[in-house]
Number of protein chains: 2
Amino acid sequence: MTSPPPRPLRADAKRNCDRLIAAAKSEFAERGASASLEDIAERARVGIGTLYRHFPTRDDLIAKVLASGTETIVARGRELLGHARPGEALVIWLRELVDHQTTYRGLTAALAQGYIADNGTQLCASCDLITQAGQALLSRAQATGEIRPDSEVRELILTAHSAAWIAENTEDPAAVDRLLGILFDGLRVVRPSRKRA
Amino acid sequence: MTSPPPRPLRADAKRNCDRLIAAAKSEFAERGASASLEDIAERARVGIGTLYRHFPTRDDLIAKVLASGTETIVARGRELLGHARPGEALVIWLRELVDHQTTYRGLTAALAQGYIADNGTQLCASCDLITQAGQALLSRAQATGEIRPDSEVRELILTAHSAAWIAENTEDPAAVDRLLGILFDGLRVVRPSRKRA
DNA sequence: ACCTGAACACCGTTCAAGT
DNA sequence: ACCTGAACACCGTTCAAGT
């Protein structure tokens, strides 16, 4: 499960790699996660072949660019395990997960592929870590009876995923919150009764 | 609001148009909604220019290919207005809407664009019709107090949309049903209390 | 060991020439 | 009025040649 030994790169290779990541970050931010790889290489002032050498697949590049964000959301999960109200902690974390999945336009499509394909790519490894963080929060919330006992982590991830997808495809930012509101209501075991129309 | 006068095509043009639609149908089914336009033209044994003449935009082609499906779901909406239980009718219709949005792989991306861009394309017109059908069902269900009074059609469509997106990106067919289950629970005003874990 | 960029493949889109 | 397909632009990916 531990990642394979990342043996040290030659100094110039390391430098190129860093430049590629920085360039990709900018390019993804400006043009979305399906930005042109050639443009990224050019921006990094590096041959296109070098990009392919370091990142055989677009997903590998995306994973590296997202690495720190992944660490953050996973760490946040650990943090929220200490939250007084487990159900609320889960909901808070899911909202932040949506933000993460929304870092760049077109990201959800890439992530979705990462989930289903389960190719040995780095992106899948990141997804696994996130799933585990979610599982911990879910178990705790279920133990207190706040969240449906029959719900699975997979659902939570899908939930966040679909909200993120909406965020990508809507201009209305409130839409995401409304969708999440519905979803969270659906996940809860006991809901306050509501006034009739 | 009525579509512009579709003045009669020359016989050969009409024939080519039909062949293009048939070819697109097959190609979309096999390779998804982003299938190569050139392949479609070739399959229809027509020059690529002819395709562009009839369908200046991919969305126009998609709209035509989906036309009968759109009619079906809209008609189904009218039909379900006669259903004894309005809330259930809404839910049934939404499930069928997901099926419609799921006709071809990669369709939700195209439809989403249709919703936000609101370019004058035929696809947007279809989306509008569907939205209206949903509105009618929603109003009726809200009037009986079964569905949240504060929910909007837009939410319903987004709901179905996100479920359809999940369907596209998951191999597990049960995932869609589970997501829809959560969503529908969230939409309902009164929910049966559930056993604790 | 690593980098480079020309070369190839593929797709979308336009438009001048044809009927 | 409509069709055709060559031509152009653009992007992804590989690989032989270079350091």
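Naming convention: chains lettered A, B, ... in sequence-line order (proteins, then strands); numbering from 1 in each chain.
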Between C1' of D:dG5 and CG of B:Leu51, the distance in whole Å:
14 Å
In whole Å, I'd like the distance from the CG atom of B:Asp18 to the P atom of D:dC2.
14 Å
For A:Arg15 and C:dC3, give me the distance from atom CZ to atom C1', rounded to whole Å.
11 Å
Any residue of residues 24-48 of chain B with a heavy atom less than 4.0 Å from an atom of DNA chain D
B:Val46, B:Gly47, B:Ile48
Side-chain donor-acceptor distances from residues 91-98 of chain B under 3.5 Å, at least two apart:
residue : atom : partner  : partner atom : Å
B:Trp93 : NE1  : B:Ile73  : O            : 3.0
B:Arg95 : NH1  : B:Asp177 : OD1          : 2.9
B:Glu96 : OE1  : B:Arg76  : NE           : 2.9
B:Glu96 : OE2  : B:Arg76  : NE           : 3.1
B:Glu96 : OE2  : B:Arg76  : NH2          : 3.2

Please report the distance, rounded to the nearest Å, between CZ in A:Arg53 and P in D:dC15.
14 Å
Residue-phosphate contact under 4.0 Å: B:Asn16 side-chain N/O, D:dC2 OP1/OP2
no
Between A:Glu168 and A:Thr108, does any side-chain donor sit less than 3.5 Å from a side-chain acceptor?
yes
Contacts of A:Arg78 meeting salt bridge (Lys or Arg N to Asp or Glu O under 4.0 Å) (sequence neighbours excluded), chain-then-number -> none
Give the dot-bracket line for DNA chain D from 5' end to 3' end: parentheses for intra-strand Watson-Crick or G-U pairs under 3.5 Å, square brackets for crossings, | for inter-strand pairing, dots for unpaired.
||.|||||...|||||.||
Assess the side chains of B:Gln122 and B:Ser126: does a donor N or O sit below 3.5 Å from an acceptor N or O?
no
So, does B:Arg10 get its side chain near the phosphate of D:dC2, meaning an N or O under 4.0 Å from OP1 or OP2?
no
Regarding B:Arg188 and B:Glu146, does a basic nitrogen lie under 4.0 Å from an acidic carboxylate oxygen?
no
In whole angstrom, give the distance that lies between atom CG of B:Leu20 and atom P of D:dC2.
14 Å
Table please: side-chain donor-acceptor pairs of residues 152-159 of chain B below 3.5 Å, with sequence neighbours left out.
residue  : atom : partner  : partner atom : Å
B:Glu152 : OE1  : A:Arg178 : NH1          : 2.7
B:Glu152 : OE2  : A:Arg178 : NH1          : 3.4
B:Glu155 : OE1  : B:Glu152 : N            : 3.3
B:Thr159 : OG1  : B:Glu155 : O            : 2.7

Can I get a per-line list of side-chain donor-acceptor pairs under 3.5 Å for residues 18-26 of chain B, giving both atom names and the distance, sequence neighbours left out?
residue : atom : partner : partner atom : Å
B:Asp18 : OD1  : B:Lys14 : NZ           : 3.1
B:Asp18 : OD2  : B:Lys14 : NZ           : 3.3
B:Arg19 : NE   : B:Ala44 : O            : 3.2
B:Ser26 : OG   : B:Ala22 : O            : 3.2

